[in-house]
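Below: one structure, written as structure tokens.
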Amino acid sequence: MSKIQMKTPLVEMDGDEMTRVIWQMIKDELLTPFIDLKTEYYDLGLENRDRTDDQVTVDSALATKKYGVAVKCATITPNAARVKEYGLKKMWKSPNGTIRAILDGTVFRAPIVVKGIEPTVRTWKKPITIARHAYGDVYRATEMKVPGAGKAELVFTDENGNETRQTIHEFDGPGIIQGMHNINKSIDSFAHACFNYALETKQDLWFATKDTISKQYDHTFKDIFQEIYDAEYKEKFEKAGIEYFYTLIDDAVARVIRSEGGFIWACKNYDGDVMSDMVATAFGSLAMMTSVLAAPDGTYEYEAAHGTVQRHYYKYKAGEETSTNSVATIFAWTGALRKRGQLDDIPELVNFADRLEKATIDTIEGGTMTGDLARISTLENVRKVSTLDFIKAVRSTLEQLPA
């Protein structure tokens, strides 16, 4: 069988630890045997980010803007322990945060639902999509350790040199401070992306912040969403028979747990990070969730929503067999390949992405799965397999599907 030909490269962002191992397995077993894979490769492994002073991360984001579609492996965001472990020059910021700041998009995450994996929340019948703002907040924050007594101030100097000051806190001893920011333009983009995605998928849209406490920061998000909705989307939503409403994040959590699913839950950056993990885990596994960053200029970046699976990586390095779930990483590749095929008018590539996703789901529903799913599956005759054996089983299923 001749390989599917690509016209334009994908931007490929390699990553760290066990997901880096899985990344290569997927390419070797599920992609290059079937596709003449064209990528512009960037090594976002922690050592190379440190070696390049994180310039490689910036370069990968700029390449994504150039080519329009990227696929990213999970990466380490170093803490103090990682700085010591890898001998890093500094505690580099989240590569995802850097990329998202450059692309200025919205991350949409939704669980991959398969038969035999029942949601922990018994009322959930349909997938819940998390729409996560992808700019600012703690991911672009400036932090400082306060050594002792003194006054911390929030200072804004306008373009004419005029200052506005507010006291943050009068310290009587050591402490910490953090400065966060966001910009109205990015919040505008976030709102438009959420409203348009709701219309495209015909799902209700919920938005939640903590505006009762954060009366300037969070309230600005609430106000911008409402202004844009009233001016541009209210009639469209009514015509489509879907609803937009705002509520406090506390109330949203309670409503979500009591719901049957089937809606979009829009969250600020950190809220979306946490809640997408909660939704993914409750639906079955962190490795069973799609994640795509959609930017206002039509750029897309697909990734797995989970981490680098550090514990499994140490076992792998020690020569022990692992059973690591690769589904989210497979779906990151299929999402990127499908979008590349749509943009370049290559129906064979779109069809391949669809078939690979079906093969992955069929393999699990046929009883072959990794350990995280085997422990919670309600199917009979479940067969737990290793990391590589699962990927090979997906390939076997793929080869049996009609083209």
Side-chain angles (χ1 to χ4, degrees), residues 1 3-4 6 10 12 19 22-35 37 39 69-74 107-117 119 126-130 197 200-201 261 276 279-280 283-294 300-306 324-344 346-370 372-373 377 379 385 387-403:
M1 183 186 299
K3 293 185 179 183
I4 298 169
M6 294 178 61
L10 292 172
E12 177 186 352
T19 46
I22 290 171
W23 193 260
Q24 192 61 49
M25 290 178 180
I26 291 170
K27 289 174 66 177
D28 291 344
E29 292 290 334
L30 300 178
L31 303 180
T32 55
F34 307 97
I35 305 169
L37 192 63
T39 71
V69 184
V71 58
K72 181 182 174 295
C73 183
V107 178
F108 293 95
R109 290 178 172 172
I112 301 163
V113 178
V114 297
K115 294 177 184 175
I117 308 299
K126 305 171 187 176
I128 296 169
T129 301
I130 299 290
Y197 195 81
E200 289 171 13
T201 58
S276 63
V279 167
F283 267 100
S285 170
L286 281 173
M288 298 291 288
M289 177 166 267
T290 62
S291 181
V292 55
L293 174 74
Y300 294 85
E301 184 234 345
Y302 295 81
E303 61 178 344
H306 57 74
T324 315
N325 193 328
S326 56
V327 173
T329 307
I330 292 172
F331 273 60
W333 274 104
T334 56
L337 290 169
R338 180 184 296 106
K339 180 57 66 175
R340 185 79 276 164
Q342 291 170 345
L343 294 175
D344 291 352
I346 309 174
E348 299 86 357
L349 194 58
V350 175
N351 180 56
F352 174 81
D354 293 342
R355 289 171 56 242
L356 180 50
E357 289 184 2
K358 177 174 171 50
T360 304
I361 292 172
D362 285 355
T363 299
I364 296 170
E365 293 183 346
T368 300
M369 62 193 75
T370 48
D372 61 324
L373 299 183
S377 177
L379 296 176
V385 295
T387 307
L388 180 57
D389 284 346
F390 175 75
I391 291 172
K392 287 185 174 180
V394 172
R395 177 173 177 174
S396 177
T397 306
L398 175 65
E399 291 173 334
Q400 296 174 39
L401 291 177

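- With sequence neighbours left out, the side chain to side chain donor-acceptor pair (under 3.5 Å) criterion links Lys27 to Glu12.
- Contacts classified as salt bridge (charged side-chain N to carboxylate O under 4.0 Å, His left out) and involving residues 359-369 (residues at least two apart or in different chains) are given here: Lys358-Asp362.
- Scanning for side chain to side chain contact (heavy atoms under 4.5 Å, CB included) contacts around Ser276 gives Arg109, Ile130, Met289, with sequence neighbours left out.
- In this view, Val385 and Thr368, Arg383, Asp389, Phe390 satisfy the side chain to side chain contact (heavy atoms under 4.5 Å, CB included) rule, not counting sequence neighbours.
- Qualifying side chain to side chain contact (heavy atoms under 4.5 Å, CB included) partners for Glu29, counting only residues two or more places apart in sequence or in other chains: Leu388, Ile391, Lys392, Arg395.
- Side chain of Thr290 to backbone of Ala110: a donor-acceptor contact under 3.5 angstrom is found.
- Among residues two or more places apart in sequence or in another chain, the ring-ring contact (aromatic ring centres under 6.0 Å, His included) test is passed with Phe283 by Trp124.
- A donor-acceptor pair under 3.5 Å is formed between the side chain of Thr334 and the backbone N or O of Phe331.
- When the side chain to side chain contact (heavy atoms under 4.5 Å, CB included) test is applied to Ala328, the partners found at least two apart in sequence or on another chain are Ala304, His306.
- Every residue two or more places apart in sequence or in another chain was checked for a side chain to side chain donor-acceptor pair (under 3.5 Å) with Glu200, and none qualifies.
- For Tyr197, the ring-ring contact (aromatic ring centres under 6.0 Å, His included) partners at least two apart in sequence or on another chain are Phe108.
- Every residue meeting the side chain to side chain donor-acceptor pair (under 3.5 Å) condition with Arg340, not counting sequence neighbours, appears here in chain and number order: Asp344.
- For Lys115, the side chain to side chain donor-acceptor pair (under 3.5 Å) criterion is met by no residue, not counting sequence neighbours.
- In this view, Asp28 satisfies the salt bridge (Lys or Arg N to Asp or Glu O under 4.0 Å) rule with no residue, not counting sequence neighbours.
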